[in-house]
A.B. asks: 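Please see the structure below; I have some questions.
Indexing begins at 1, ligand by ligand and atom by atom, following the structure's order. What you see below is based on every heavy atom in this structure, not just the backbone, and it leaves out hydrogens, waters and symmetry mates.
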Amino acid sequence: MPKLSFTLDRFQPSPIGEVFSLATRLKAEGRDIVDLSIGEPQFDTPDHIKQAAWAAIRAGKTKYTATTGTKALKEAIQRKFRRDNGLDFPLDRIVVASGAKPLIFYALQAMLDAGDEVLIPTPCWTSYPGMVQLLNADPVFLPTAQQDGFKLRPEDLAAAVGPRTRCLMLCSPSNPTGSAYSAEEIRALGAVLAEHPDLWILSDDLYEHIVFDDFAFATMAAEVPQLAARVVTVNGVSKAYAMTGWRIGYAAGPKDLMDAIAKVMSQSVGSPPDMSQAAAVAALDGPQDFLRDWAAQYQARRDMTLAGVNAIPGLRADKPEGSFYVFPHCGALLGKTTAGGQAIDSSTDLVRHLLEDWGVALVPGAAFEADPYFRISCAASQAAIAEGLRRIAAAAEALN
Ligand code: PLP
């Protein structure tokens with residue numbers, strides 16, 4: 001066989017994909033699987049958004065557009081940043097792509113050379129380290145503690161910056177922990193970043209609208225305007241508007257960086273789908289009041305998940321401020337043995353046992369550079385959450 005890129009040896013495929021494949025195989029074999037691994041809203045895309053896509057298709061919007069997105073969508077994004085974040089971006093500093101995921105990768109491509117370092121607070125979204133490694137740059141993990149709400153402490157950030165550091169990646173509300181930084185906490189990190197003028201800051205705001213208990217969402221570019229020339233703010237319609245399959249993400253930031261991202265895109269990707277862009281305009285410009293209602297529904301699911309998890313001896317989870325995940329510590333279950341004689345030595349062992357023997361799909365903490373934890377998605381239905389928790393409790397009790 002001709003050789004494959006050596007760079008691929010630097011990272012593993014996303015373990016979430018592995019859980020997904022195993023769960024899919026077990027389902028195909030007729031097993032009853034409760035899926036609490038999925039990171040997507042179980043709401044349907046609202047009708048007014050679908051109608052906008054239909055209208056766009058009927059109007060012939062089925063072709064290439066400008067690589068970095070249509071003017072109409074960039075204008076809607078401009079309005080969104082003004083309305084929700086108090087940020088004012090000219091259209092030439094806004095870029096649209098087929099999802100926030102590729103856009104984060106393009107931004108890293110625009111920033112990094114081989115050997116550069118990227119600071120990633122952990123637990124982190126599973127794709128950040130792989131993207132950095134794919135560019136022959138190095139992730140530098142900054143572990144955060146459960147007792148600190150899984151939030152990066154300014155002193156830990158200050159201690160981590162070195163001569164090769166190029167970027168800090170911040171995700172708030174977080175996938176997988178659900179923790180979210182208050183404006184004050186963001187300003188405290190901003191004070192450290194202000195002392196390091198060679199650093200980019202990538203703010204992943206995808207879960208902006210999924211916040212609980214009146215938590216006020218805050219983002220670096222707005223809270224620390226003096227850093228705005230170094231912050232790229234990434235967002236998208238996937239999580240907020242239940243549009244994961246439409247593949248629209250967007251970013252805004254300083255002109256030089258956005259031009260560099262556009263340059264990367266010009267030679268590597270085509271435009272995002274025309275009709276999806278029209279749908280995203282309807283999402284961003286249309287009614288926003290249902291977002292609060294959805295957040296309230298996620299909050300109810302978070303509360304039932306949290307209560308269920310903390311009633312299981314051996315598990316301990318704190319209350320997330322946002323996103324739709326709960327991230328329990330499961331250290332007290334490690335070192336035990338299943339009824340079938342299998343040793344449970346890591347969260348990966350535990351999650352595999354729960355899937356294979358109890359039919360509940362979760363994601364192990366190792367996928368997020370954090371052990372011993374696992375992630376439960378509360379984006380599933382209440383019935384699925386209740387049944388999943390029942391099975392986890394029974395499995396925990398059956399361990400010896
Ligand atoms: N950022 C975070 C933290 C995510 O959890 C996800 C999706 O799971 C993404 C980005 C990517 O979103 P998109 O669907 O826009 O590619």
A.B. asks: Taking a cutoff of less than 4.0 Å between a non-hydrogen atom of the residue and any ligand atom, is Gly236 in contact with ligand 1?
C.D. replies: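 No, Gly236 has no heavy atom closer than 4.0 Å to ligand 1.
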A.B. asks: Does ligand 1 have any atom that is closer than 4.0 Å to a heavy atom of Leu206?
C.D. replies: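 A heavy atom of Leu206 does come that close to ligand 1.
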A.B. asks: How long is the gap from CE on Met220 to CZ on Arg187, to the nearest 0.5 Å?
C.D. replies: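 Going from the CE atom of Met220 to the CZ atom of Arg187 covers 11.0 Å.
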A.B. asks: So, are Arg390 and Glu387 salt-bridged, with charged N and O less than 4.0 Å apart?
C.D. replies: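 Glu387 and Arg390: salt-bridged.
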A.B. asks: So which heavy atom on Gly149 is nearest to which on Ser179, and how close?
C.D. replies: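 Here Gly149 and Ser179 meet closest at O-CB, 2.9 Å.
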A.B. asks: Could you tell me the residue and atom name of the protein heavy atom closest to atom 2 (C) of ligand 1, and the distance to it rounded to 0.1 Å?
C.D. replies: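 Scanning the protein heavy atoms, the shortest distance from atom 2 (C) of ligand 1 goes to Asp204 OD2, 3.4 Å.
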A.B. asks: In terms of atom number and element, which parts of ligand 1 are under 4.0 angstrom from non-hydrogen atoms of Asn175?
C.D. replies: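 Reading through ligand 1 atom by atom, the close ones are 3 (C), 5 (O).
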A.B. asks: Could you please spell out the steps behind the side chain to side chain donor-acceptor pair (under 3.5 Å) verdict for Tyr241 and Gln288?
C.D. replies: CA-CA 9 Å; Tyr241 301 95; Gln288 305 294 311; 2.7 Å; yes
A.B. asks: As an exercise, identify every atom of ligand 1 less than 4.0 angstrom from a heavy atom of Lys101.
C.D. replies: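 In order of numbering, the contacting atoms are 11 (C), 13 (P), 16 (O).
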A.B. asks: Should Glu208 and Asn235 be marked as a side chain to side chain donor-acceptor pair (under 3.5 Å) after you check the CA-CA gap, both sets of side-chain angles, and the distance that decides it?
C.D. replies: CA-CA 8 Å; Glu208 166 177 15; Asn235 210 323; 2.8 Å; yes
A.B. asks: Determine, using heavy atoms of Cys171 and all atoms of ligand 1, whether some pair is separated by less than 4.0 Å.
C.D. replies: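 Distance cut 4.0 Å: Cys171 passes for ligand 1.
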A.B. asks: With atoms numbered from 1 as shown, which atoms in ligand 1 lie under 4.0 angstrom from a non-hydrogen atom of Arg247?
C.D. replies: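 Those qualifying, in numeric order: 13 (P), 14 (O), 16 (O).
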A.B. asks: Are any of the N/O atoms in Ser238 less than 3.5 Å from those in ligand 1?
C.D. replies: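 Right, the criterion is met.
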A.B. asks: Going by the angle between their ring planes, with limits at 30° and 60°, are Phe290 and His48 parallel, tilted or perpendicular?
C.D. replies: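 Because their plane-to-plane angle is over 60°, the rings of Phe290 and His48 count as perpendicular.
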A.B. asks: Taking the six-membered ring for Trp, are Tyr298 and Phe324 parallel (under 30°), tilted (30 to 60°) or perpendicular (over 60°)?
C.D. replies: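 Aromatic pair Tyr298/Phe324 classed tilted.
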A.B. asks: Can Gly99 be said to touch ligand 1, with heavy atoms closer than 4.0 Å?
C.D. replies: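 For ligand 1, residue contact (heavy atoms, under 4.0 Å) with Gly99 is present.
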A.B. asks: Tell me, which protein residue and heavy-atom name are nearest atom 8 (O) of ligand 1, and how many Å apart are they?
C.D. replies: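 Minimum-distance protein heavy atom for atom 8 (O) of ligand 1 reads Lys239 NZ, 2.7 Å.
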A.B. asks: What is the closest protein heavy atom to atom 6 (C) of ligand 1, and at what distance does it sit?
C.D. replies: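 Residue, atom and distance for the closest contact: Trp125 CZ2, 3.4 Å.
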A.B. asks: Any nitrogen or oxygen of Ile248 lying under 3.5 Å from a nitrogen or oxygen in ligand 1? Just yes or no.
C.D. replies: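 Ile248 vs ligand 1: no N/O contact under 3.5 Å.
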A.B. asks: Identify the closest protein heavy atom to atom 15 (O) of ligand 1: which residue and atom is it, and at what distance?
C.D. replies: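 Here the closest protein heavy atom is Ala100 N, 2.7 Å.
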A.B. asks: Nearest 0.5 angstrom please: Ser174 OG to Asp204 CG, how far?
C.D. replies: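 So the gap between those two atoms works out to 9.5 Å.
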A.B. asks: If you measure from the Lys or Arg side-chain nitrogens to the Asp or Glu carboxylate oxygens, is any gap between Asp148 and Lys151 under 4.0 Å?
C.D. replies: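 No.
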A.B. asks: For Glu40, which part has a heavy atom under 4.0 Å from ligand 1: side chain, backbone, both, or neither?
C.D. replies: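 The answer is neither; Glu40 stays 4.0 Å or more away.
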A.B. asks: Charged N to carboxylate O below 4.0 Å: is that the case for Asp259 and Lys255?
C.D. replies: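 Salt bridge: yes.
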A.B. asks: Using distance alone, determine whether Thr244 and ligand 1 share an N or O pair under 3.5 Å.
C.D. replies: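 It does not: no N or O of Thr244 is found under 3.5 Å from an N or O of ligand 1.
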